[in-house]
Amino acid sequence: VLLSEQGDHKLACEYLQKSHKLDPQNGETLFNLAGIYNCLEEKDDACEMMEKLLTLNPEHASARHMLAALKGEITEAAPREYIVETFDRYAGRFDSHLQGPLGYDVPVVLAEMIVQIKEQPQFKRCLDLGCGTGLSGAAFTKLTEKLTGVDLSPKMLEKARGKEIYTRLECEDVITFLEKETKSYDLFLATDLFIYIGRLDYFFQAVKKCASRGALIACSIERNEGKEDFVLRDSGRYAQKRDYLVDMAKSAGFRALMSREHGIRKEKNLWIAGDLYVFELLRNK
């Protein structure tokens, strides 16, 4: 696992293969070996490991999600267990890895877009959906009076709490949180959220419920150039078509104020094509 995190996938694969021979029933080894095979683009072997794992543990949500991704199947959203497991493990090196080798700057660029739309913007309440360690929130602290963060990963929330920029932090699924929330917000952040939610109509309807008149949504997508509205890639992340994103926002009463093509992050030293959008709520109760 350490070798894999350092980028030495071939040597990591050798050790995991030895581990698998010593203990064929070890679920962690099967899942990690499947991930290594995927990195090495050995998809058939990756699928075989996931299928073995699901035979041992049919309720393994992360294995089901990744097997669907490897086989090109389309699901509506990543399971809760997958999100928690992935980001609890990633929390310790999330900021340095994302902003370093992966070149991630989506929140900063979205904040710049909002400043272009509204001169000297100041929001009363901002809701950072899928806030993670607080990278998105940090880019918007000067633009909002109160910042609330929502995320499923307890360890990511620990990192966010340490930044001392949030008025409130909640460990919850974003749709569930929005459906229960009684406060209204005038700015919503969804940076790198839609890569784990494929179907977006539920999201925009839930946001509308908590949105004040004229509220803005700042969001990003990995761009899907295919025929489907959204796809689940073998990375385990979703990508949406631009028209689909705009249509789902429009159906909930939001219009696009500004959009920009932008590399989301680097993968294998290449930029993942994406788009940044700012939407405005035209009407609400």
Side-chain angles (χ1 to χ4, degrees), residues 87 94-95 97-100 102-151 156 159-160 163 165-167 169 174 178 185-197 200 203-204 206-208 210-212 214-224 237-246 248-250 252 254-267 271-282:
F87 287 100
F94 183 81
D95 285 13
H97 187 228
L98 208 60
Q99 293 179 304
L102 304 190
Y104 181 76
D105 64 354
V106 166
V108 173
V109 178
L110 279 170
E112 292 171 354
M113 289 168 65
I114 286 180
V115 171
Q116 290 177 35
I117 293 168
K118 289 191 171 188
E119 188 177 347
Q120 295 182 335
Q122 188 65 30
F123 300 91
K124 291 183 178 179
R125 288 197 185 99
C126 174
L127 185 55
D128 188 358
L129 297 163
C131 67
T133 62
L135 282 181
S136 294
F140 286 85
T141 50
K142 294 182 180 179
L143 307 184
T144 184
E145 294 176 16
K146 293 183 179 180
L147 182 61
T148 296
V150 182
D151 202 275
M156 296 286 271
K159 296 292 183 181
K163 289 189 167 94
I165 59 175
Y166 290 93
T167 309
L169 287 167
V174 296
L178 288 165
Y185 298 83
D186 50 0
L187 177 62
F188 298 82
L189 308 181
T191 61
D192 271 19
L193 175 66
F194 298 155
I195 58 176
Y196 298 107
I197 304 175
L200 299 180
F203 171 84
F204 283 105
V207 166
K208 182 180 180 181
C210 299
S212 58
L216 301 185
I217 302 174
C219 60
S220 62
I221 58 169
E222 287 190 12
R223 186 189 313 137
N224 173 34
R237 302 190 301 265
Y238 293 90
Q240 288 89 4
K241 291 181 69 173
R242 285 180 287 203
D243 289 347
Y244 172 68
L245 173 69
V246 173
M248 291 302 96
K250 185 178 180 181
F254 293 88
R255 65 167 178 169
L257 290 180
M258 184 181 288
S259 65
R260 181 182 298 180
E261 294 184 1
H262 192 74
I264 300 300
R265 77 188 65 76
K266 290 181 181 178
E267 192 168 80
W271 283 103
I272 296 173
D275 296 278
L276 311 184
Y277 275 85
V278 177
F279 293 99
E280 179 185 37
L281 180 62
L282 292 177

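Bear in mind the structure is a predicted one, so any value in this text is a computation, not a measurement.
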Using a 4.5 Å cut-off on heavy atoms from C-beta on, say whether the side chain of I217 contacts that of K208.
-> no
Exercise: identify the closest heavy-atom pair between A211 and L281 = CB-CD2, 3.7 Å
Side-chain contact test, heavy atoms from C-beta onward, threshold under 4.5 Å: evaluate it for P121 versus V115 and give yes or no.
-> yes
So, for F140 and P107, which heavy atoms are closest and what is the spacing to 0.1 Å?
-> CE1-O, 3.6 Å
With no hydrogens and no angle check, is any side-chain donor or acceptor of T144 less than 3.5 Å from a backbone partner on T141?
-> no
Report yes if the side chains of F203 and L129 come closer than 4.5 Å at any heavy-atom pair, otherwise no.
-> yes
Do you know the tightest heavy-atom contact between E222 and R237?
-> OE2-NE, 2.6 Å
Report yes if some heavy atom in the side chain of L216 is under 4.5 Å from a heavy atom in the side chain of L257; otherwise report no.
-> yes
Is the distance between the ring centroids of F87 and Y196 less than 6.0 Å?
-> yes
Do the charged groups of R242 and D275 touch, with an N to O distance under 4.0 Å?
-> yes
For the residue pair H262 and V109, what are the closest heavy atoms and their distance?
-> CE1-CG2, 3.7 Å
Mind telling me whether F204 and F279 have parallel, tilted or perpendicular rings, with 30° and 60° as the class edges?
-> perpendicular
Heavy-atom closest pair (I264 atom, Y104 atom, distance to 0.1 Å) is O-CD1, 3.3 Å
Point-to-point distance, once rounded to the nearest 0.5 Å, from CD of E112 to CG of L110 | 9.5 Å
Can you name the residues that form a side-chain hydrogen bond (donor to acceptor under 3.5 Å, both in side chains) with R255, not counting sequence neighbours?
-> E280
Gap between atom SG of C210 and atom CG of D186 - 0.5 Å precision | 12.5 Å
Donor-acceptor contact present, side-chain D128 to main-chain G137, <3.5 Å | yes
Should we count NZ of K241 as having more than 12 external heavy atoms under 6.0 Å?
-> yes
Yes or no on side chain to side chain contact (heavy atoms under 4.5 Å, CB included) for L127 and L187, after CA distance, side-chain angles and deciding distance?
-> CA-CA 6 Å; L127 185 55; L187 177 62; over 6 Å; no
Please lay out, stage by stage, how T133 and D95 fare under the test side-chain hydrogen bond (donor to acceptor under 3.5 Å, both in side chains).
-> CA-CA 7 Å; T133 62; D95 285 13; 2.4 Å; yes
Is there a side-chain contact between M258 and Y277, using heavy atoms and a 4.5 Å cut-off?
-> no
Could you tell me the separation between the CZ atom of F188 and the SG atom of C126, rounded to the nearest 0.5 Å?
-> 9.0 Å
State yes or no: are the ring centers of Y185 and F123 separated by less than 6.0 Å?
-> no
Determine whether N224 and Q240 make a side-chain contact, defined as any pair of heavy atoms from C-beta on separated by less than 4.5 Å.
-> no
The reported gap from OG1 in T191 to CG in L193 (rounded to nearest 0.5 angstrom) is 8.0 Å
Check against side chain to side chain contact (heavy atoms under 4.5 Å, CB included), K142 and Q122 | CA-CA 8 Å; K142 294 182 180 179; Q122 188 65 30; over 6 Å; no
Output the distance between atom CG (L169) and atom NZ (K163), rounded to the nearest 0.5 Å.
-> 11.0 Å
Over all heavy atoms of both residues, which pair between G130 and D151 is shortest? Give the atoms and the distance, please.
-> C-OD2, 3.3 Å
SB check R125 E145 (cutoff 4.0 Å) | no
Quick one: does F194's side chain get under 4.5 Å of L200's, heavy atoms only?
-> yes
Working to the nearest 0.5 Å, report the span between CZ of F254 and CG of L282.
-> 9.0 Å
Under-4.0 Å salt bridge between R265 and D192 = yes
Between M113 and R260, is any pair of side-chain heavy atoms under 4.5 Å apart?
-> yes
Do F94 and M156 pass the side chain to side chain contact (heavy atoms under 4.5 Å, CB included) test, and can you show the C-alpha distance, the side-chain angles, and the key distance before you say yes or no?
-> CA-CA 9 Å; F94 183 81; M156 296 286 271; 3.6 Å; yes
